[in-house]
Amino acid sequence: MTLIAPPLPRRLAAEAVGTAALTAVVVGSGIRASALSHDAGVQFLANVTASALALVVLISVLGPVSGGHFNPLVSAAAWWTGRHTGTGLTLRELGGYTGAQLAGAITGTGLANVMFERPFLEVSGRARDGAHLWLAEVVATGLLILLVFGLVRGGRAGFVPAAVGLWIAAACWATSSGAFANPAVTVARMFTDSYTGIAAGSVPPFLLAQLAGAVAGAALLPVLFGRPARPAAVPDDARELIAG
């Protein structure tokens, strides 16, 4: 069966809408949780649970359209891992995906702010600095990339939505940074001075750590799962997730 990817504008719309919805849940659930409870553990549990559930639903619904990346580093890994087999994104498509994800994330943050009677965009004053946090971002992002593309390469792409949601939930609890693991959402969270916000000065090291993690995760793929199969041998469901 030959899979034809949807037109690029439709895929970009799916990435923008999906990333906006995801970010709105991340930010909105944080605002709601901090308003309902003063217990830090309860706040964190509510925020993590809502975010993980949103990931599962959004990837399941929009994955057949765009791949359900909602993360520039997932898109970059799709380009990198598929560049020799024709199953990934082109560089032009990667640029479009990244722009759509960033625009969607900022819009989602603004929507969450407005839903809770805050300015559409506000400057976060929540500093998140330290080598331990940057290491946590390397780990969270690297294992996310390894998980997604390891499942795809192993012919089990259908497990990706649940696996991503479960990994992000686990990583949020297991890492000191709370597993941002997404450059678009990280940048967007500069624009909410709420529970999930991050100060602008803290963003560049987070982005560098996430990039380092993605590189490490991609480097481990051939070590653990071997080289990608030729185009004719790539399962249809894997193409559906990362087709460009």
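The model shown is predicted, which means the values in this text are computed figures rather than measured ones.
Here the CG-CZ distance, from Leu207 to Phe180, works out to 10.5 Å after rounding to the nearest 0.5 Å. A distance of 5.0 Å separates CG in Leu22 from CG in Leu55, rounded to the nearest 0.5 Å. Atoms CG and CG, on Leu89 and Leu8 in that order, are 9.0 Å from each other to the nearest 0.5 Å. Here the straight-line distance linking atom OG of Ser202 with atom CH2 of Trp134 works out to 8.5 Å at 0.5 Å rounding. To the nearest 0.5 angstrom, Thr98 atom OG1 is 10.5 Å from His69 atom NE2. Atoms CZ and CG, on Arg10 and Leu62 in that order, are 12.0 Å from each other to the nearest 0.5 Å.
Trp79 has its ring centre no less than 6.0 Å from the ring centre of Tyr97.
Not counting sequence neighbours, the partners of Arg118 by the salt bridge (charged side-chain N to carboxylate O under 4.0 Å, His left out) test are Glu122. Residues satisfying the side chain to side chain contact (heavy atoms under 4.5 Å, CB included) criterion with Ala174, sequence neighbours excluded, are absent altogether. Listed by chain and number, the residues in a side chain to side chain contact (heavy atoms under 4.5 Å, CB included) with Ala52 are Ala169 (sequence neighbours excluded). The side chain to side chain contact (heavy atoms under 4.5 Å, CB included) test applied to Ser177 returns Leu133, Ala136, Glu137, Thr175, Phe206, not counting sequence neighbours. With sequence neighbours excluded, the residues that form a side chain to side chain contact (heavy atoms under 4.5 Å, CB included) with Leu147 are Leu151, Ala163, Val164, Trp167. Not counting sequence neighbours, Phe120 has no partner by the ring pair (Phe, Tyr, Trp, His ring centres under 6.0 Å) test.
Side-chain contact between Leu146 and Phe225: present, with at least one pair of heavy atoms (C-beta onward) separated by less than 4.5 Å. Under the 4.5 Å side-chain criterion, counting only non-hydrogen atoms from C-beta, Leu208 is not in contact with Pro204. Asn182 places none of its side-chain heavy atoms less than 4.5 Å from the side chain of Gln210. Side-chain contact between Val74 and Ile145 is present, with at least one heavy-atom pair separated by less than 4.5 Å. Within the 4.5 Å cutoff, the side chain of Ser194 has heavy atoms near those of the Thr196 side chain. A 4.5 Å side-chain heavy-atom check between Val48 and Trp173 finds at least one atom pair inside the cut-off.
The shortest non-hydrogen separation linking Ile59 to Pro161 is CG2-CG, 3.7 Å. Asp193 approaches Gly125 most closely through the heavy-atom pair OD1-N, 3.0 Å. Smallest separation of non-hydrogen atoms from Cys172 and Phe44: O-CZ, 3.1 Å. Contact detail for Pro222 and Ala218: the closest heavy-atom pair is CD-O, 3.3 Å. Taking every heavy atom of both residues into account, Ala181 and Thr141 meet most closely at CA-OG1, 3.3 Å.
Leu58 and Val56 sit in two unconnected hydrophobic clusters of ILVMFWY residues. Membership requires side-chain heavy atoms under 4.5 Å apart, directly or through other members. Under the 4.5 Å side-chain heavy-atom criterion for Ile, Leu, Val, Met, Phe, Trp and Tyr, Val152 and Leu221 are members of the same hydrophobic cluster. Grouping the Ile, Leu, Val, Met, Phe, Trp and Tyr side chains by contacts below 4.5 angstrom, directly or via other members, places Leu111 apart from Phe191. Under the 4.5 Å side-chain heavy-atom criterion for grouping Ile, Leu, Val, Met, Phe, Trp and Tyr, Val203 is connected to Ile106 within one hydrophobic cluster. Under the 4.5 Å side-chain contact rule for hydrophobic residues, Val187 and Val138 do not share a cluster.
Val17 belongs to no hydrophobic cluster with other residues, because no ILVMFWY side-chain heavy atom falls under 4.5 Å from its own, directly or through intermediates. Other residues sharing the hydrophobic cluster of Leu36, ordered by chain and number and joined by side-chain separations under 4.5 Å: none, the residue standing alone. Through direct or relayed side-chain contacts under 4.5 Å between Ile, Leu, Val, Met, Phe, Trp and Tyr, Met115 connects to Val27, Ile31, Phe116. Side-chain contacts under 4.5 Å among hydrophobic residues (ILVMFWY), followed directly or transitively, place Leu53 with no other residue at all.
Checking side-chain atoms of Arg83 against main-chain N and O of Trp80 turns up a donor-acceptor pair under 3.5 Å. Judged by distance alone, the side chain of Arg189 and the main-chain N or O of Ala105 form no donor-acceptor pair under 3.5 Å. Of the possible donor and acceptor atoms, none in the side chain of Thr23 sits under 3.5 Å from a partner among the backbone N and O of Gly108. Between the Ser124 side chain and the Met190 main chain, no donor and acceptor come within less than 3.5 Å of each other. Listed for the Asn71 side chain is no donor-acceptor partner under 3.5 Å among the backbone atoms of Ala184.
Applying the 6.0 Å contact sphere to CZ of Arg32 captures no more than 12 heavy atoms from other residues, nucleotides or ligands. More than 12 heavy-atom neighbours from other residues, nucleotides or ligands sit within 6.0 angstrom of NE2 on His132. Surrounding CZ of Phe159 are at most 12 heavy atoms belonging to other residues, nucleotides or ligands under 6.0 Å away.
Among residues at least two apart or in separate chains, side chain to side chain donor-acceptor pair (under 3.5 Å) pairs with a member in residues 39-57 are Ser29-Asn47. Among pairs with a residue in residues 100-116, those fulfilling side chain to side chain donor-acceptor pair (under 3.5 Å) read Glu15-Gln101, Ser75-Gln101, Asn113-Thr192, at least two apart in sequence or across chains.
Geometrically, Arg126 engages Tyr195 in a cation-pi contact, judged by NZ or CZ lying under 6.0 Å from the ring centre and within 45° of the ring axis.
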**OP:** Could you please spell out the steps behind the side chain to side chain contact (heavy atoms under 4.5 Å, CB included) verdict for Arg153 and Arg227?
**Re:** CA-CA 9 Å; Arg153 193 163 292 184; Arg227 297 289 175 183; 5.6 Å; no
